Amino acid sequence: MTKLSVNINKIATLRNARGGNRPNVVQTALDCERFGAQGITVHPRPDERHIRFQDVYDLKGVVTTEFNIEGNPTPDFIKLVLSVKPEQVTLVPDAPDAITSNAGWDTIKHKDFLVDVIAKFKAHGIRTSIFVDPINAQVEGAAHTGTDRIELYTEAYAHHYHTHREAAVQPYAEAARVAQQCGLGLNAGHDLDLDNLKYLKEQLPNLAEVSIGHALICDALYYGLENTIQLYLRQLNS
């Protein structure tokens with residue numbers, strides 16, 4: 001069974017556009033869980049343009065499924081994660097001014113840094129995952145950092161899915177095979193939606209978890225949040 005973790009950053013973006021507390025980020029997280037989501041993901045950035053650090057503290061007190069915090073492991077981010085102690089931390093090498101995540105780690109070049117950061121989190125019992133491109137050498141490099149899992153960056157797959165899905169998924173299936181050989185758990189995320197999710201899952205049988213935010217929240221505008229979460233779960237596990 002592949003778990004669905006709902007990224008609620010876009011809920012915070014909508015709240016911040018108007019001020020106040022509508023929509024309520026914490027209540028949305030609780031509703032996502034009530035509607036069947038098996039995890040909640042947040043990606044706080046230094047400028048707090050969507051999820052704020054206080055949101056992370058507020059969510060930790062109420063999330064009863066898996067809490068996953070994504071982000072670039074800056075000193076402030078590390079301090080936040082060690083204070084909150086989520087079930088999982090996902091390390092993403094995004095620049096402070098990036099609109100969204102746009103690349104995986106170079107696990108070879110940044111090995112020493114990743115080893116050090118991951119050891120800090122694991123010493124506190126936090127499962128670690130690192131964001132990587134579907135490149136076998138980078139997956140193998142991840143295995144030498146001490147991480148528990150990798151999260152495959154799926155933008156390229158999503159971009160090419162409608163033109164040649166077999167070719168689009170091939171490097172991901174190969175990376176998933178290498179991850180399994182290396183003893184790494186496998187997550188995936190970025191631009192996954194109701195069109196491309198089922199096929200990815202079929203080609204990556206060892207896929208443990210997907211984190212989906214933007215597309216899921218967009219779909220919820222039309223289908224409603226409860227129905228949308230059920231639609232995504234059906235794509236993953238039908």
Side-chain angles (χ1 to χ4, degrees), residues 3 5 7-9 12 39-60 63 66-155 175-176 178-190 207-211 213:
K3 292 184 177 180
S5 185
N7 186 318
I8 58 173
N9 275 27
I40 300 296
T41 292
V42 294
H43 189 145
R45 287 183 165 87
D47 62 5
E48 298 187 294
R49 63 180 181 268
H50 33 62
I51 287 291
R52 300 168 181 154
F53 277 33
Q54 185 59 50
D55 292 328
V56 181
Y57 288 108
D58 293 343
L59 286 162
K60 177 55 181 176
V63 170
E66 178 188 279
F67 194 25
N68 173 45
I69 305 177
E70 297 181 344
N72 193 331
T74 62
D76 285 344
F77 179 85
I78 293 171
K79 181 180 178 181
L80 173 70
V81 173
L82 292 180
S83 176
V84 172
K85 293 184 176 62
E87 284 72 27
Q88 178 173 269
V89 58
T90 302
L91 308 183
V92 183
D94 55 352
D97 59 348
I99 295 175
T100 186
S101 306
N102 54 21
W105 285 97
D106 184 332
T107 60
I108 299 167
K109 179 179 179 180
H110 299 291
K111 175 186 174 183
D112 291 344
F113 173 73
L114 290 168
V115 167
D116 180 62
V117 171
I118 289 167
K120 287 184 173 70
F121 293 136
K122 293 185 71 173
H124 288 263
I126 304 168
R127 186 174 72 232
T128 60
S129 178
I130 55 178
F131 204 54
V132 299
D133 296 303
I135 301 169
N136 292 351
Q138 297 299 336
V139 176
E140 291 168 352
H144 297 295
T145 66
T147 191
D148 300 295
R149 295 185 183 184
I150 58 169
E151 179 175 329
L152 290 177
Y153 172 42
T154 50
E155 181 184 22
V178 173
Q180 191 167 39
Q181 289 178 339
C182 292
L184 294 172
L186 185 68
N187 298 340
H190 205 89
L207 184 59
E209 174 185 304
V210 293
S211 174

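From a predicted model like this one, the values you see are computed outputs, not experimental measurements.
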Non-hydrogen atoms of [X] and [Y] that approach each other most closely:
X	Y	answer
Lys85	Ile126	CA-CD1, 3.9 Å
Gly141	Thr145	O-CG2, 3.5 Å
Pro73	Ile78	O-CD1, 3.6 Å
Leu184	Ala142	CD1-CB, 4.3 Å
Glu48	Gln54	OE2-N, 4.4 Å
Phe67	Val56	CE2-O, 3.8 Å

Checking the side chain of Thr147 only, and the main-chain atoms of Thr128 only, is there a donor and an acceptor separated by less than 3.5 Å? yes

Any side-chain to backbone donor/acceptor pair from Asn9 onto His43? Under 3.5 Å, distance only. yes

Set of side-chain hydrogen bond (donor to acceptor under 3.5 Å, both in side chains) partners for Thr41, sequence neighbours left out: Ser5, Asn68, Ser211

Could you grab the distance from atom [atom1] of [X] to atom [atom2] of [Y], nearest 0.5 Å is fine?
X	Y	atom1	atom2	answer
Ile135	Asp106	CD1	CG	8.5 Å
Glu209	Glu66	CD	CD	4.0 Å
Ile69	Gln88	CD1	CD	10.5 Å
Arg127	Thr90	CZ	OG1	8.5 Å
Asn7	Ile51	CG	CD1	7.5 Å
His124	Leu82	NE2	CG	5.0 Å

Any side-chain heavy-atom pair of [X] and [Y] under 4.5 Å:
X	Y	answer
Asp55	Val42	no
Cys182	Glu140	yes
Ile130	Ile150	yes

Could you tell me how the ring of Tyr153 sits relative to the ring of Phe131: parallel (under 30°), tilted (30 to 60°) or perpendicular (over 60°)? tilted

Sequence neighbours excluded, the answer for ring pair (Phe, Tyr, Trp, His ring centres under 6.0 Å) partners of His110 is Trp105

Result block: side-chain N/O donor-acceptor pairs under 3.5 angstrom for residues 111-122, not counting sequence neighbours:
unit_1, atom_1, unit_2, atom_2, d
Asp116, OD1, Lys120, NZ, 3.4
Asp116, OD2, Lys120, NZ, 2.7
Lys122, NZ, Gly146, O, 2.8
Lys122, NZ, Asp148, OD1, 3.4

When you look at Asp47 and Arg45, which way does the salt bridge (charged side-chain N to carboxylate O under 4.0 Å, His left out) test go after all the steps? CA-CA 6 Å; Asp47 62 5; Arg45 287 183 165 87; over 6 Å; no

